[in-house]
2 protein chains.
Amino acid sequence: MKAAVPITVSGLKASCSQCNLVELCLPFGMSEHDLNRLDELVGARRKIKRQQSLYRAGDPFEAIYAIRAGSFKTDVLLEDGRDQVTGFQMTGEILGLDGISAETHSCNAIALEDSEVCVIPYGKLEEMSREVEGLQHQFHKVMSREIVRDHGVMMLLGSMRAEERLAAFLLNMSQRFTARGFSPAEFHLRMTRDEIGSYLGLKLETVSRAFSRFQEDGLVSVQQKHIRILNAGGLKRLLQHQSGGR
Amino acid sequence: MKAAVPITVSGLKASCSQCNLVELCLPFGMSEHDLNRLDELVGARRKIKRQQSLYRAGDPFEAIYAIRAGSFKTDVLLEDGRDQVTGFQMTGEILGLDGISAETHSCNAIALEDSEVCVIPYGKLEEMSREVEGLQHQFHKVMSREIVRDHGVMMLLGSMRAEERLAAFLLNMSQRFTARGFSPAEFHLRMTRDEIGSYLGLKLETVSRAFSRFQEDGLVSVQQKHIRILNAGGLKRLLQHQSGGR
DNA sequence: TTTTGTGGTTGACGTGGATCAACGGTGTCC
DNA sequence: GGACACCGTTGATCCACGTCAACCACAAAA
């Protein structure tokens with residue numbers, strides 16, 4: 001939407017060993033000793049304002065990013081103007097893995113709110129993961145997890161109906177908020193109906209109607225972006241009962 | 001479909017340095033010196049008969065696989081019986097990357113024809129990629145490429161219409177056959193209409209109708225699984241012209 | 001040769017979600 | 001405070017694709 005973006009690099013050096021996101025982020029499961037080495041790896045932090053991009057499709061690939069605060073969406077766009085949100089990312093998650101293959105980013109990463117990331121220069125990461133076994137293994141796991149996640153989305157897009165897709169989305173968000181110490185039942189979505197729709201392969205009107213339907217059925221209470229899940233079991237059942245999907 | 005499968009491990013030691021698939025496979029771009037080290041890495045070959053599985057969801061993850069001959073599909077299945085083909089793989093492509101994250105495979109890999117793979121024990125791969133920089137980098141690229149590919153499929157499933165999806169599929173197949181030294185215009189599909197449909201998020205009847213439509217329009221000639229592309233430009237145009245897709 | 005099975009094609013019909021359109025709520029910038 | 005922009009909701013209508021069903025082609029078995 002906006003043109004190029006003023007980049008803010010805070011002088012603050014990141015520190016994995018001090019960070020309270022270790023359990024969600026790249027360093028997960030690494031020994032204290034290895035963790036200290038990671039502090040060398042992670043470069044400066046960078047702040048990204050709402051609606052601004054961390055990187056855009058076509059940018060040369062130099063680093064991956066760990067989200068320290070805030071949240072992002074990634075999207076791909078076709079030359080004819082159509083676009084598709086490929087994911088929403090929260091704190092501790094890693095952005096930029098798409099860039100390794102062609103040494104150029106293949107999607108846009110845009111902040112959904114004012115956010116901050118840790119910059120992990122990719123060359124350094126490769127170098128250090130030759131020395132630190134735990135880092136190498138974690139990094140592979142992070143990439144593999146992304147592949148598995150994408151398969152899940154393909155499943156959703158290829159074989160679920162509108163309400164099933166939204167139910168799956170809400171349960172997924174709930175689980176991720178829970179992992180971050182927030183309530184499983186009550187949370188604030190940072191993305192618009194249009195963005196949810198793009199991600200789920202639906203039009204925004206369909207998303208809105210599905211929300212209304214869930215509210216009628218007492219499954220959730222919806223007030224704009226504020227969601228309260230009233231009947232998680234009901235949402236799960238929506239997913240399991242083969243409802244004649246496409 | 002079938003129950004568990006007799007596994008055939010041929011005594012033949014694989015050899016990357018001798019293999020004519022180097023340019024498509026994991027070793028791509030590696031120096032001759034590094035290539036020789038790869039020969040230590042790759043274990044036995046394994047033959048998989050048509051319709052049999054290389055691994056199934058839930059199997060413990062031990063190795064990744066490079067396809068030496070033949071082709072595969074991967075699919076995920078939901079507890080309610082629905083399933084979704086997440087990809088078709090050809091010679092030189094790598095299978096099993098989904099298993100790293102949870103140390104368990106998350107999808108099924110099934111041979112579309114009698115096939116053969118090179119078994120790459122994952123522990124050894126990690127070990128060796130700590131020593132061989134080129135290997136590490138190539139491996140990361142392979143994983144990243146998989147992520148980018150998945151984003152493309154998400155785009156297709158989320159925002160293209162039936163005929164666009166099939167056109168994209170045919171062009172993709174054509175390109176991959178070309179890369180393997182086959183004709184870009186004429187090839188034999190190894191998968192059924194139902195499998196194509198599952199991959200593209202369509203019913204088999206819709207796939208069949210789209211094929212018929214393409215034939216009427218002189219874009220391709222279709223005889224069962226044998227495809228001849230008569231007008232590649234026409235197929236590409238189908239993709240670009242915003243045809244009011246969903 | 002007939003039989004059986006699997007995969008593919010085609011037609012008639014139904015429907016879930018897209019499209020088009022109007023309107024209501026909320027936040028932000030003067 | 002008022003005006004504007006953006007986002008969300010809801011209704012009416014349409015159409016692409018799913019569903020159901022019949023039939024055909026080819027291959028393997030008998």
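Below, read A as the first sequence line, B as the second, and so on, with proteins coming before strands; counting in each chain starts at 1.
Here the P atom of nucleotide dG16(C) and the CD atom of Glu164(A) are 12 Å apart, to the nearest Å. The interatomic distance linking His226(B) (NE2) with dC26(D) (C1') rounds to 16 Å, in whole Å. Rounded to whole angstrom, the span from the CZ atom of Arg165(A) across to the P atom of dG16(C) amounts to 14 Å. Rounded to a whole Å, the CZ atom of Arg213(A) is 11 Å from the P atom of dG17(C). When the P atom of dC6(D) is taken as reference, atom CG of Leu112(A) falls 17 Å away, rounded to whole Å. Rounded to an integer number of Å, the gap from Leu157(A) CG to dC17(D) C1' is 16 Å. Separating the CE atom of Met160(A) from the P atom of dG17(C) is a distance of 12 Å, rounded to the nearest angstrom. Atom CZ of Arg82(B) and atom P of dG18(D) are 14 Å apart (whole Å).
Residues in residues 168-185 of chain A take part in these salt bridge (charged side-chain N to carboxylate O under 4.0 Å, His left out) pairs, two or more places apart or across chains: Glu93(A)-Arg176(A), Glu93(A)-Arg180(A).
Legend: residues meeting side-chain contact (heavy atoms from CB on, under 4.5 Å) with Glu62(A), ordered by chain and number and at least two apart, are Pro60(A). For Arg50(A), the side chain to side chain donor-acceptor pair (under 3.5 Å) criterion is met by no residue, not counting sequence neighbours. The side chain to side chain donor-acceptor pair (under 3.5 Å) check on His188(B) picks up nothing, with sequence neighbours excluded. In this structure, the side chain to side chain donor-acceptor pair (under 3.5 Å) partners of Glu113(B), at least two apart in sequence or on a different chain, are Ser71(B), Arg190(B). Under the rule for a side chain to side chain donor-acceptor pair (under 3.5 Å), the partners of Glu186(A) that lie at least two apart in sequence or sit in another chain are His226(A), Arg228(A). Among residues two or more places apart in sequence or in another chain, the side-chain contact (heavy atoms from CB on, under 4.5 Å) test is passed with Asn20(A) by none. Considering only residues two or more places apart in sequence or on other chains, Thr178(A) meets the side-chain contact (heavy atoms from CB on, under 4.5 Å) condition with Ser174(A), Pro184(A).
Rotation axes derived from the C1' atoms of the five outermost pairs at either end of the helix from dT1(C)-dA30(D) to dC30(C)-dG1(D) lie 40° apart, to the nearest 10°.
Defined by atom type and a distance below 3.5 Å, a donor-acceptor pair is present between the side-chain atoms of Ser106(A) and Asp98(A). In the model, Ser221(A) has no side-chain atom that pairs as donor or acceptor with a side-chain atom of Gln215(A) under 3.5 Å.
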Under 3.5 Å, which N/O atoms of the protein pair with N/O atoms of nucleotides 27-30 of chain C?
none

Tabulate protein N/O versus nucleotide N/O from nucleotides 5-10 of chain C, keeping only pairs under 3.5 Å, one per line.
unit_1: dG8(C); atom_1: OP2; unit_2: Arg193(B); atom_2: N; d: 2.9
unit_1: dT9(C); atom_1: OP1; unit_2: Arg193(B); atom_2: NH2; d: 3.3
unit_1: dT9(C); atom_1: OP2; unit_2: Arg193(B); atom_2: NE; d: 2.8
unit_1: dT9(C); atom_1: OP2; unit_2: Ser208(B); atom_2: OG; d: 2.9
unit_1: dT9(C); atom_1: O5'; unit_2: Ser208(B); atom_2: OG; d: 3.2
unit_1: dT10(C); atom_1: OP2; unit_2: Ser212(B); atom_2: OG; d: 2.4

I'd like a table of donor-acceptor pairs (distance under 3.5 Å, sequence neighbours excluded) in which one partner is a side-chain atom from residues 194-202 of chain B, with atom names and distances.
unit_1: Glu195(B); atom_1: OE1; unit_2: Thr192(B); atom_2: N; d: 2.9
unit_1: Glu195(B); atom_1: OE2; unit_2: Lys73(B); atom_2: NZ; d: 2.9
unit_1: Ser198(B); atom_1: OG; unit_2: Val85(B); atom_2: N; d: 2.8
unit_1: Tyr199(B); atom_1: OH; unit_2: Arg149(B); atom_2: NH1; d: 3.4

